[in-house]
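Computed over heavy atoms, backbone and side chain alike; hydrogens, waters and symmetry mates excluded. Naming convention: chains lettered A, B, ... in sequence-line order (proteins, then strands); numbering from 1 in each chain.
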Amino acid sequence: MSTTTAGCPECDGSLKQDGCETVCTHCGLVVGEDSIDRGPEWRSFEDEETDSARTGAPLTRSRHDRGLSTEIGRSTRLKGRKRRQMARLRRQHRRAQVSSKRERNQVYAFTEIRRIVGSLGLSAAIRDRACVLFESAQNEDLLQGRSLEGFAAATVYATCRTEGVARTVEELCRAARADPAELRAAYDALNRDLGLPTGPIDPREYVPRFASALDLPEEIRGRAEQLVAEARERGLVGGRNPAGVAAACLYTAAQERDGELTQAEAAEVADVTPVTLRATYTELQA
DNA sequence: ACGATTATTGCGTTCTT
DNA sequence: AAGAAAACAATAATCGT
């Protein structure tokens, strides 16, 4: 990896230097740095416990400490000084427990966030903001009953959206150890209790990335973006899956040229079905 | 909880080779 | 003629509000 004189390899957007890395201002892709994350402070979970079979670790899913916490019981036999001493012990034990629980969660979530961000090739700025967001969620007690993995995924997802470099829920879930339901549960909680400044996603945000995933020439990409604008004019964007709209515009643009691109291919990179693509495609034709 | 959008599946049609 | 791609239809699932 070296010099970056031209534009972003993904979308030809302009590049911006951000700390030690080079980031595309358009699609948020990190260009000038390898995606292996070797941050100092957190241990890596890469090797052990890959995906399935997270055997009984305290950090799995929502109930991180199910059955594993200890309590100091009360005894009626104790009197006076001994009794007060036990009460104090109990108090301290509880406090140590919650604070370490919080810490463990944070370590795990941050590690997970870093992993996701690295695997999606996103910037350090995104990563940091996602971490901050997670802390806010912790402060608001949003984690109760929801999965940590979901929050890790959701914070990255939310940050991408607010930064205008949106990824689809499917992309996030593929990179994260969470499914769409978990991500959504967490994301909804963030939105509701933290009031994220997230508007609807502009389909154009997806075009450059999808275009490059499909190896489409610059010309088609530009035309597709034009078509997105046109679709918006005609009210074909509202209420629809923006990724589907982006795929439809890409397909239409390719069709106008050589017709080498199939609906199925375009639909696949957008994580939608051909039927969905067709819905806006036919509208666009009319 | 509701209405609209999307996924899924299956099938007759059109286009390409 | 055969195979792929696009279109259409019906129902189930999911989304946005």
> Of the non-hydrogen atoms in A:Leu277 and A:Ala267, which two are nearest, and what is the gap between them?
Replying inline: CD1-N, 3.7 Å

> For A:Glu283 and B:dT6, what is the distance between atoms CD and P respectively, to the nearest whole Å?
Replying inline: 11 Å

> Roughly how many Å is it from CG in A:Leu183 to P in C:dC15, rounded to a whole number?
Replying inline: 11 Å

> Does A:Glu170 come within less than 4.0 Å of A:Arg174, counting only side-chain N to carboxylate O?
Replying inline: no

> For the pair made of CG in A:Leu277 and C1' in B:dT8, what is the distance, rounded to whole Å?
Replying inline: 16 Å

> What's the OH-C1' distance between A:Tyr281 and C:dA5, to the nearest Å?
Replying inline: 12 Å

> When you measure from every atom of DNA chain B, which of residues 231-243 of chain A have a heavy atom less than 4.0 Å away?
Replying inline: A:Gly239, A:Arg240, A:Asn241

>> Treating A:Glu205 as the side-chain partner and A:Ala166 as the backbone partner, does any N or O pair qualify as donor plus acceptor under 3.5 Å?
In response: yes

> Which atom pair, heavy atoms only, marks the closest approach of A:Arg240 to A:Val245?
Replying inline: CB-CG2, 4.1 Å

> Of all of residues 254-267 of chain A, which get a heavy atom below 4.0 angstrom from DNA chain B, listed by number?
Replying inline: none

> With side chains defined as the heavy atoms from C-beta onward, is the minimum distance between A:Asn139 and A:Arg102 less than 4.5 Å?
Replying inline: yes

>> When you measure from the side chain of A:Arg127 to the backbone of A:Gly118, do you find a donor-acceptor pair of N or O atoms at a distance under 3.5 Å?
In response: no

> Which atoms form the tightest heavy-atom contact between A:Phe134 and A:Leu143, and what is the distance?
Replying inline: CZ-CD1, 3.8 Å

> Passes side chain to side chain contact (heavy atoms under 4.5 Å, CB included), A:Glu135 versus A:Phe110? Steps please.
Replying inline: CA-CA 10 Å; A:Glu135 286 193 272; A:Phe110 282 14; 3.8 Å; yes

> In whole Å, what is the span from the CD atom of A:Glu268 to the P atom of B:dT8?
Replying inline: 13 Å

> Would you say the side-chain atoms of A:Arg161 pair up with the backbone N or O of A:Gly199, donor to acceptor, closer than 3.5 Å?
Replying inline: yes

>> Within the 4.0 Å limit for protein heavy atoms, which parts of nucleotides 9-17 of chain B are touched? Write it as a string from 5' to 3', B for base, S for sugar-phosphate only, - for none.
In response: ---------

>> Can you give me the closest heavy-atom contact between A:Ala154 and A:Leu183, atom names plus distance?
In response: CB-O, 3.8 Å

>> Any heavy-atom pair between the side chains of A:Thr168 and A:Ile201 that's under 4.5 Å?
In response: no

